[in-house]
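Bear in mind the structure is a predicted one, so any value in this text is a computation, not a measurement.
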Amino acid sequence: MNTKYIKGELQVKALENGTVIDHIPANKLFKVVEILQLEQIPNEVTIGNNLASKRMGVKGIIKIADRFFEEKEINRIALLAPNAKINIIRDYEVTEKKIIELPDHFKGIVKCVNPKCITNNEAMESRYTVLSKTPLVLKCPYCEREIREEELQLL
Amino acid sequence: MSYSSLVSITDYSKEQMLHILKLAAGFEANPNQDILQGKVAATLFFEPSTRTRLSFETAINRLGGRVIGFSDASTSSSTKGETLKDTIKMVSNYADIIIMRHFLEGAARYATEVTDIPIINAGDGANQHPTQTMLDLYSIQKTQGRLDKLNIVMVGDLKYGRTVHSLLMALMHFSPTFYFIAPEELLMPNEYKLICQKNNIPYYEDSNFGPEIIEQADILYMTRIQKERFTDLVEYEKVKNLYILHNYMLEKSRDNLRILHPLPRVNEISQDVDENPKAYYFEQARNGLYVRQAIISHALGLV
């Protein structure tokens, strides 16, 4: 039984094996889908959005059957959903809970705020060094501009 | 990334900086050598900068190397839409080293990722111009006999001026005391003040530029205040004449004081200063030749 990880009525169908990404901000859900490239996988994906959440008001949830992400992969959503919870389900049980952690370096996801940066003018992938996690400060290693949370633009 | 590239002044450790300065002194003593014989250097100027390009090309020529390249992107295939990556890859087939100036920030860093030959950044937009910083350091060391514990007064546009930012970063290794003299709109950005704090480097800020400040200085680093930096032109008119150095202001200055300026100057140093032996900006530009000889030879592993 899966009573351990549901409280009250299930809002989305339970998963036998796979990954549940819960507590995604509702307005970021489809961006998370995009970053994890879920539209390109053949697995069964259940997406719920604007679900009632005590903590967040409304939230998004994604359940991916038979798919287990590597930490590196899942951490790519840290900028969008820093408080998301990752539950690994095996045989209807939560066997592992993971917390998302912003890596020290990452590629893509964010657009450099500097319009004169080479990354905004050449067909290439942006990349960043995380100088500080709270408050969030990124540094573009190309134009060397620092980017603060309030200026963040996602690609 | 190629180990020997120079993109940003922070690519050099303190030891590497000192090593380059020592090599530069050797080239100043003997500027004509043939250590670049058989080598081809490409000078790719996607944005024109005659002064910088001539300095680099003279450095290469005096060391017996040959130069290929372009002085303006309109004569290169980038106007046909060729990517920077393709241009760098193509030129890498021909040259042993690339010296590049680009209007986009980060262009030189990106170039190091697409080729194995050394890249020397000759300016990427408003970002970095590390050979300028090295020639500033060389000029300071040469005129003061040391780099440690100097009073450095920086005047003018401290907000957008990349030369003052890079010089500040380079001097972090040498326990300076900074005086930042700028109008409200052009103050030294906070990130650089934080770096000073982190490194226990004392700094003072003032919007008044006068003899009292100049008397403290070992180095007076002047920069140009550009009209286009102001959103309020009334404000520009108010401050434009407050940051001009006149000869009479130097009366009580220290004997060892030297005045530096990255050039070109407009009116921020009055012509009457030029005859003062403390004016050093023209010699400073000449030092660029020796420093660039050192940087190129070092990047190619020849010295």
Check your understanding: For B:Gln226, does the CD atom have more than 12 heavy-atom neighbours from other residues, nucleotides or ligands under 6.0 Å away?
Key -> yes
Point to revise | Residue A:Lys107 excluded, over 12 heavy atoms near NZ under 6.0 Å | key: no
Check your understanding: Considering residues, nucleotides and ligands other than B:Glu191, do more than 12 of their heavy atoms fall under 6.0 Å from its CD?
Key -> yes
Point to revise | Minimum heavy-atom distance A:Glu122-B:Lys85, with the two atoms named | key: OE2-N, 2.9 Å
Practice item. State the CG-OH distance between A:Asn121 and B:Tyr110, to the nearest 0.5 angstrom. Key: 12.0 Å
Practice item. Can you measure from CD1 (A:Ile118) to CZ (B:Arg109) and round to the nearest 0.5 angstrom? Key: 13.0 Å
Revision key, fill the gap. Heavy atoms of B:Asn127 and A:Tyr142 approach each other most closely as ND2-O, 3.5 Å
Exercise for review: Hey, could you give me the CD/SG distance between B:Glu105 and A:Cys112, rounded to the nearest 0.5 Å?
Suggested key: 9.0 Å
Check your understanding: Does atom NZ of B:Lys159 have more than 12 heavy-atom neighbours, drawn from other residues, nucleotides or ligands, at distances under 6.0 Å?
Key -> no
Review point. When only pairs under 4.5 Å are counted, which of A:Met124, A:Glu146, A:Lys116 shares the most heavy-atom pairs with chain B?
Key: A:Lys116
**Study point:** B:Glu184, CD: over 12 other non-hydrogen atoms inside 6.0 angstrom
**Key:** no
Review point. For B:Leu233, does the CG atom have more than 12 heavy-atom neighbours from other residues, nucleotides or ligands under 6.0 Å away?
Key: yes
**Study point:** Value rounded to 0.5 Å, distance of CD in B:Glu113 from CZ in A:Arg127
**Key:** 4.5 Å
